[in-house]
There are 2 protein chains.
Amino acid sequence: MSGAAAGRTDTVEPGARRTRQRTAVLQALVGFRDFISAQALCALLTEAGVSVGLSTVYRTLRDLERAGRLDVVRDETGERLYRERPEDGHRHYLICRCCGRSRAVDTEVVEAWADRIGEHTGFTDVEHTLELTGVCAGCAPSAQQGETSCRQESPRRPSDPRRSPR
Amino acid sequence: MSGAAAGRTDTVEPGARRTRQRTAVLQALVGFRDFISAQALCALLTEAGVSVGLSTVYRTLRDLERAGRLDVVRDETGERLYRERPEDGHRHYLICRCCGRSRAVDTEVVEAWADRIGEHTGFTDVEHTLELTGVCAGCAPSAQQGETSCRQESPRRPSDPRRSPR
DNA sequence: GATGGACATGAAAATCATGTTCAGATAGTT
DNA sequence: AACTATCTGAACATGATTTTCATGTCCATC
C-alpha cells in the first residue's frame with residue numbers, strides 16, 4: 001500500500017506533502033461511502049486510533065474540495081457534509097433523511113436543463129447546486145410512525161453530538 | 001392599508017398576533033424584491049427608522065418559513081438568505097453572484113424529474129433543493145476583469161458586514 | 001377602565017461549525 | 001545527518017443563529 005497503484009488515496013494535491021494525517025483523512029473518506037461531516041470524520045479517525053486534529057481535518061477537506069475530489073452538500077442545519085467523488089464529473093445524490101445513506105442519481109436531465117438556462121436569461125457562467133432528500137425503503141416503516149425517529153441509531157453517523165437544533 | 005385587501009402583509013401566521021415588528025419585517029420583505037439575510041434585513045429596518053431586534057427578525061423569518069411564505073437559499077458562506085414567495089408553489093431562482101439580484105426561473109422540467117426519482121429509487125417523500133447562480137448581463141463586463149469585484153457597490157445589499165470568509 | 005394571563009420583544013449570553021495563529025514537529029531534499 | 005519549507009494541532013477567534021429571561025403588550029373579561 002505504498003508507492004504504486006494508488007492514485008486515489010495518494011496525496012491531497014500534486015506537490016503537497018504526504019503526511020500521516022492527510023493519508024488517514026483521505027483513506028477514511030474513501031472507505032466511508034456516504035456523506036460525513038468534518039467533525040464526525042475527525043471522531044471516526046479518533047475512534048480508529050488515528051487521531052487527527054480538527055484543524056487538520058478541515059484543512060485537508062478544504063484542499064480536497066479545491067482539488068475537485070469531493071462532493072459537498074449541506075444538511076438542514078447548514079452543516080457541510082463531504083464525500084469522496086467516485087469518478088470524474090459532477091454528480092448528485094439522493095440522501096435519506098433518516099439514516100443518512102446516499103445514492104448517486106442520474107441527473108443528465110437536470111444538467112441539460114441547467115446548461116440551457118443561461119441562454120434564456122442572459123446569465124453567464126451558470127452553476128447549480130441540487131440536493132435531494134427522501135426516506136429510503138429501509139427507513140420508510142419506522143418513519144411512518146415516529147417521523148424522523150429512525151435517525152437515533154444511524155450506523156453511518158458515528159457519535160453525532162447534535163442535539164438542540166430544531 | 002388597514003383591514004381588508006391585505007393577505008400578503010397581514011399576519012405571519014393565522015392565529016399569530018399582529019405586532020409592529022412582525023408587520024415591519026413582513027412589509028420590508030415584500031418590498032425588497034431579492035434575497036436578503038436576516039442581519040441585512042434587520043439593518044434595513046433600523047435604517048428605515050423601524051428598529052426591530054435581531055432575535056425578533058430571526059423568529060419572524062423562522063415562522064414565515066414554516067408557514068411556507070418564504071423561499072430560502074444559502075450563499076457561499078452558508079448564510080441564509082430569505083425572500084418572500086411571490087405566489088403559491090415551489091419556485092427556484094437564478095441569483096447573480098456579483099450583484100445578488102435574483103430572477104425566478106421556470107423549473108417544471110426539474111420538478112417533474114424530481115417527482116419521478118422516487119419511483120426509480122424506492123425513496124419516498126422526496127424533496128429537493130436547487131440553487132442556481134451565475135453572472136447577470138449587467139455584471140458580465142465588470143466580472144470579466146476583476147472576477148467577483150462587482151459586488152463592492154451592490155445596490156440591493158445594504159450594509160453587508162461580511163469580510164473575512166474566503 | 002382595571003386586571004390577568006398568554007404571547008411577544010430584545011439585550012445578552014450560549015451554541016456551534018468553521019477559520020486563524022503560531023510554536024513546535026515533520027517530510028523530503030541536499 | 002543537517003536543513004528548511006511545510007504541516008500539525010491546541011488554543012483562540014469569528015460569526016451566524018438560537019436560547020434565555022426579564023420586561024412589555026394585546027385582549028378578553030370583569
Side-chain angles (χ1 to χ4, degrees), chain A residues 2-3 10-26 28 35-46 50-67 70 72-82 157 159-166, chain B residues 2 10-26 35-46 50-67 70 72-82 157 159-166:
Chain A
S2 59
D10 211 9
T11 56
V12 172
E13 274 180 311
R17 286 184 183 169
R18 179 188 342 200
T19 66
R20 174 182 69 80
Q21 292 87 342
R22 288 184 186 174
T23 302
V25 168
L26 203 36
F35 285 92
I36 187 171
S37 71
Q39 315 234 12
L41 188 61
C42 185
L44 195 67
L45 287 163
T46 300
V50 189
S51 190
V52 177
L54 195 50
S55 316
T56 301
V57 172
Y58 275 113
R59 262 190 300 248
T60 306
L61 290 172
R62 196 223 297 125
D63 294 343
L64 285 168
E65 186 186 355
R66 282 184 182 158
L70 295 183
V72 187
V73 300
R74 286 183 188 276
D75 69 8
E76 325 83 58
T77 73
E79 191 179 22
R80 304 180 70 157
L81 305 178
Y82 305 83
R157 292 265 184 123
S159 67
D160 189 308
R162 265 175 291 133
R163 212 152 313 283
S164 46
R166 291 285 139 113
Chain B
S2 59
D10 211 8
T11 55
V12 171
E13 274 180 312
R17 286 183 184 165
R18 177 185 344 194
T19 65
R20 174 182 69 80
Q21 290 88 342
R22 289 184 187 174
T23 303
V25 169
L26 203 35
F35 284 90
I36 187 172
S37 71
Q39 316 233 12
L41 189 61
C42 185
L44 196 67
L45 287 163
T46 300
V50 190
S51 189
V52 177
L54 194 51
S55 317
T56 302
V57 173
Y58 274 113
R59 264 190 296 250
T60 306
L61 290 171
R62 195 223 298 127
D63 294 343
L64 286 168
E65 186 186 355
R66 283 183 182 159
L70 295 183
V72 187
V73 299
R74 287 183 188 277
D75 69 8
E76 325 83 59
T77 73
E79 192 178 23
R80 304 179 69 154
L81 306 177
Y82 304 84
R157 292 263 185 126
S159 65
D160 189 310
R162 265 174 291 133
R163 213 149 315 280
S164 48
R166 292 280 140 121

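Just so it is clear: chains get the letters A, B, ... in the order the sequence lines come, proteins before strands, and each one is counted from 1.
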Going from [atom1] on [X] to [atom2] on [Y], what distance comes out if it is rounded to the nearest 0.5 angstrom?
| X | Y | atom1 | atom2 | value |
| --- | --- | --- | --- | --- |
| B:R80 | B:T77 | CZ | OG1 | 12.5 Å |
| A:I36 | A:L61 | CD1 | CG | 9.5 Å |
| A:F35 | A:E79 | CZ | CD | 13.5 Å |
| B:T60 | B:L70 | OG1 | CG | 10.0 Å |

Five-pair end axes of the helix from C:dG1-D:dC30 to C:dT30-D:dA1, angle between them (10°):
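Inter-axis angle at the ends, rounded: 20°.
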Whole-Å distance between [N] [atom2] and [X] [atom1]?
| X | N | atom1 | atom2 | value |
| --- | --- | --- | --- | --- |
| B:R62 | D:dA16 | CZ | P | 18 Å |
| B:L61 | D:dT17 | CG | P | 9 Å |
| B:R22 | C:dC7 | CZ | P | 11 Å |
| B:E79 | D:dT14 | CD | C1' | 13 Å |
| A:E76 | C:dC16 | CD | P | 15 Å |
| B:L54 | C:dA12 | CG | P | 13 Å |
| A:R74 | D:dT17 | CZ | P | 11 Å |

Are A:L41 and A:V25 packed together at the side-chain level, in the sense that at least one heavy-atom pair is separated by less than 4.5 angstrom?
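Contact flag for A:L41/A:V25 side chains = yes.
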How about B:R59 and B:Q21: do any of their side-chain heavy atoms sit closer than 4.5 Å?
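Heavy-atom side-chain distance check fails, nothing below 4.5 Å.
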Can you check each nucleotide of nucleotides 22-30 of chain C against protein heavy atoms at under 4.0 Å and return B for base, S for sugar-phosphate only, - for none, in 5' to 3' order?
----BBS--
Options D:dT17, D:dG9, C:dT18, nucleotide nearest the side-chain atoms of A:A38
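Looking only at side-chain atoms, A:A38 lies closest to C:dT18.
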Looking at the side chain of A:V52, which of D:dC7, D:dT19, D:dG9 is the nearest nucleotide?
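Between D:dC7, D:dT19, D:dG9, the one nearest the side chain of A:V52 would be D:dG9.
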Determine: side-chain N/O of [X] to OP1/OP2 of [N], distance under 4.0 Å, yes or no.
| X | N | value |
| --- | --- | --- |
| B:R80 | D:dT17 | no |
| A:Q21 | D:dC7 | no |
| B:Y58 | D:dT18 | no |

Answer with yes or no whether B:S37 presents, from its side chain, a donor or acceptor under 3.5 Å of a partner atom in the base of D:dA16.
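There is none.
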Please evaluate the base of D:dA10 for a donor-acceptor partner in the side chain of A:S55 within a cut-off of under 3.5 Å?
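Indeed, a donor on one side and an acceptor on the other fall under 3.5 Å apart.
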Non-hydrogen atoms of B:G53 and B:C42 that approach each other most closely:
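In this case the closest contact between B:G53 and B:C42 is C-SG, 4.3 Å.
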Locate the shortest heavy-atom distance separating B:R74 from A:R74; write the atom from each residue and the value.
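For B:R74 and A:R74, the tightest heavy-atom pair comes out as CD-CD, 3.4 Å.
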Quick one: list whatever passes side-chain contact (heavy atoms from CB on, under 4.5 Å) with A:A24, sequence neighbours left out.
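So A:A24 forms a side-chain contact (heavy atoms from CB on, under 4.5 Å) with A:L45, A:V50, A:V52.
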